[in-house]
Amino acid sequence: LPLARRRASERQAREQAWRSHRADERTSKSTAAHPPASERQGTDARASEARGEMGKIVLVLVTPSPPDLRTENGQRKVATWLTGKKISFREVDAIDQVDVRKELCGISGVNGNYPQVFISDGASETTYVGGYDEIESLIELNDLDPELLAKNPDLKTFDMVFAECKAE
């Protein structure tokens with residue numbers, strides 16, 4: 001019995017050391033490769049602001065310290081999809097911008113789940129689009145046959161939903 005306890009204790013210590021090492025590794029990679037979310041914007045959003053354009057913009061509510069790899073990857077993929085499709089967007093840091101987070105979570109009805117994607121007209125109307133899974137579904141629907149989309153007007157694709165957010 002004492003030998004089994006000692007082995008279990010050693011295993012727990014190894015697992016804790018490994019988790020701590022992975023957390024340190026992720027923190028050093030993310031801070032070196034990516035500025036804080038409060039300082040990041042899609043390049044198209046910065047260009048639109050510089051030109052003084054007030055079109056619709058996508059807001060992406062993110063957390064700077066994702067609780068798991070799925071959340072971290074989801075945040076990264078959403079930003080990559082938006083950038084790749086030339087969609088103007090701004091990341092909103094859920095930690096640094098608490099008032100904005102509360103407002104956006106009030107709109108979505110979702111707390112503590114990131115990323116969350118919204119479309120804002122910049123003045124009064126902000127619409128919740130969805131989280132990672134919903135954005136992924138919209139991307140997949142882009143590949144649907146146009147005839148099928150015509151027969152099902154309730155189906156929306158990524159390009160349809162974000163059409164007014166394209167950077168020029």
Side-chain angles (χ1 to χ4, degrees), residues 22-23 26-27 29-31 33-49 53-168:
R22 292 290 298 157
R26 278 197 307 265
T27 301
K29 281 182 183 177
S30 67
T31 56
H34 305 289
S38 59
E39 297 175 12
R40 280 184 281 166
Q41 290 185 348
T43 54
D44 298 326
R46 281 193 297 265
S48 294
E49 287 175 6
E53 297 171 8
M54 288 302 292
K56 291 194 176 187
I57 187 163
V58 176
L59 302 174
V60 182
L61 184 60
V62 298
T63 179
S65 52
D68 53 41
L69 196 55
R70 184 179 192 281
T71 302
E72 183 177 344
N73 288 339
Q75 291 182 162
R76 186 176 308 118
K77 283 182 180 180
V78 166
T80 300
W81 288 330
L82 292 170
T83 301
K85 296 272 190 180
K86 298 187 182 343
I87 304 295
S88 297
F89 73 98
R90 181 171 58 93
E91 287 187 343
V92 177
D93 187 316
I95 303 292
D96 289 345
Q97 298 171 293
V98 176
D99 292 338
V100 178
R101 178 193 74 213
K102 286 180 181 178
E103 181 181 341
L104 293 175
C105 287
I107 293 168
S108 70
V110 178
N111 287 310
N113 190 10
Y114 305 99
Q116 293 183 37
V117 181
F118 302 83
I119 296 177
S120 175
D121 66 3
S124 61
E125 187 178 335
T126 300
T127 306
Y128 177 61
V129 177
Y132 169 79
D133 292 332
E134 290 82 7
I135 302 303
E136 184 178 43
S137 293
L138 291 172
I139 293 273
E140 290 171 0
L141 288 173
N142 267 350
D143 296 331
L144 240 68
D145 180 29
E147 287 181 25
L148 185 59
L149 285 171
K151 291 177 183 177
N152 297 283
D154 291 342
L155 285 179
K156 302 291 182 209
T157 68
F158 184 93
D159 291 341
M160 289 175 183
V161 171
F162 294 100
E164 296 181 47
C165 305
K166 289 246 183 201
E168 305 203 5

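Since the structure is predicted, the reported quantities are computational estimates derived from the model, not experimental observations. Starting from 1, each residue takes its place in the sequence as its number.
- The distance from atom CG of Leu144 to atom NZ of Lys151, rounded to the nearest 0.5 Å, is 12.0 Å.
- Contact record, Ser88 with Ile57: O-CG1, 3.8 Å, taken as the closest heavy-atom pair.
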Given side-chain contact (heavy atoms from CB on, under 4.5 Å), test Glu103 with Val92 step by step and report yes or no. CA-CA 11 Å; Glu103 181 181 341; Val92 177; over 6 Å; no
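- Judged by distance alone, with hydrogens and angles left aside, the side-chain atoms of Lys166 form a donor-acceptor pair with the main-chain N or O of Lys85 at under 3.5 Å.
- Here the straight-line distance linking atom CD of Gln75 with atom OG1 of Thr63 works out to 6.0 Å at 0.5 Å rounding.
- Here Tyr114 contributes atom OH and Glu91 contributes atom CD; the two are 13.0 Å apart, rounded to the nearest 0.5 Å.
- Ring-plane geometry between Trp81 and Tyr132 is classed as parallel, the angle between the planes falling under 30 degrees on a 0 to 90 degree scale with a further cut at 60.
- With Asp159 contributing its side chain and Asn142 its backbone, the two residues share no donor-acceptor pair below 3.5 Å.
- For the atom pair CZ (Arg90) and CG (Leu82), the distance works out to 13.5 Å, reported to the nearest 0.5 Å.
- Once rounded to the nearest 0.5 Å, the distance linking CG of Leu141 with CD of Glu136 reads 11.0 Å.
- None of Val78, Val129, Ile87 except one satisfies the side chain to side chain contact (heavy atoms under 4.5 Å, CB included) rule with Val58; the exception is Ile87.
- Taking a cutoff of 4.0 Å between a charged side-chain nitrogen and a carboxylate oxygen, Asp133 and Arg70 qualify as a salt bridge.
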For Val161 and Ile135, what are the C-alpha separation, side-chain angles and deciding distance, and is it a side-chain contact (heavy atoms from CB on, under 4.5 Å)? CA-CA 10 Å; Val161 171; Ile135 302 303; over 6 Å; no
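- Using a distance-only test at 3.5 Å, with no hydrogens or angles considered, a donor-acceptor pair links the side chain of Gln97 to the main chain of Asp93.
- Minimum interatomic distance between Ser124 and Asp121 (heavy atoms only, all atoms of both residues): N-OD1, 3.0 Å.
- Results of the ring pair (Phe, Tyr, Trp, His ring centres under 6.0 Å) test with Phe118 over Phe89, Tyr128, Phe162 single out Tyr128 as the only residue that passes.
- The line from CE of Met160 to CG of Leu138 is 10.0 Å long, rounded to the nearest 0.5 Å.
- In this structure, Asn113 contributes its side chain and Gln116 its backbone to no donor-acceptor pair below 3.5 Å.
- Applying the 6.0 Å contact sphere to CD of Glu164 captures no more than 12 heavy atoms from other residues, nucleotides or ligands.
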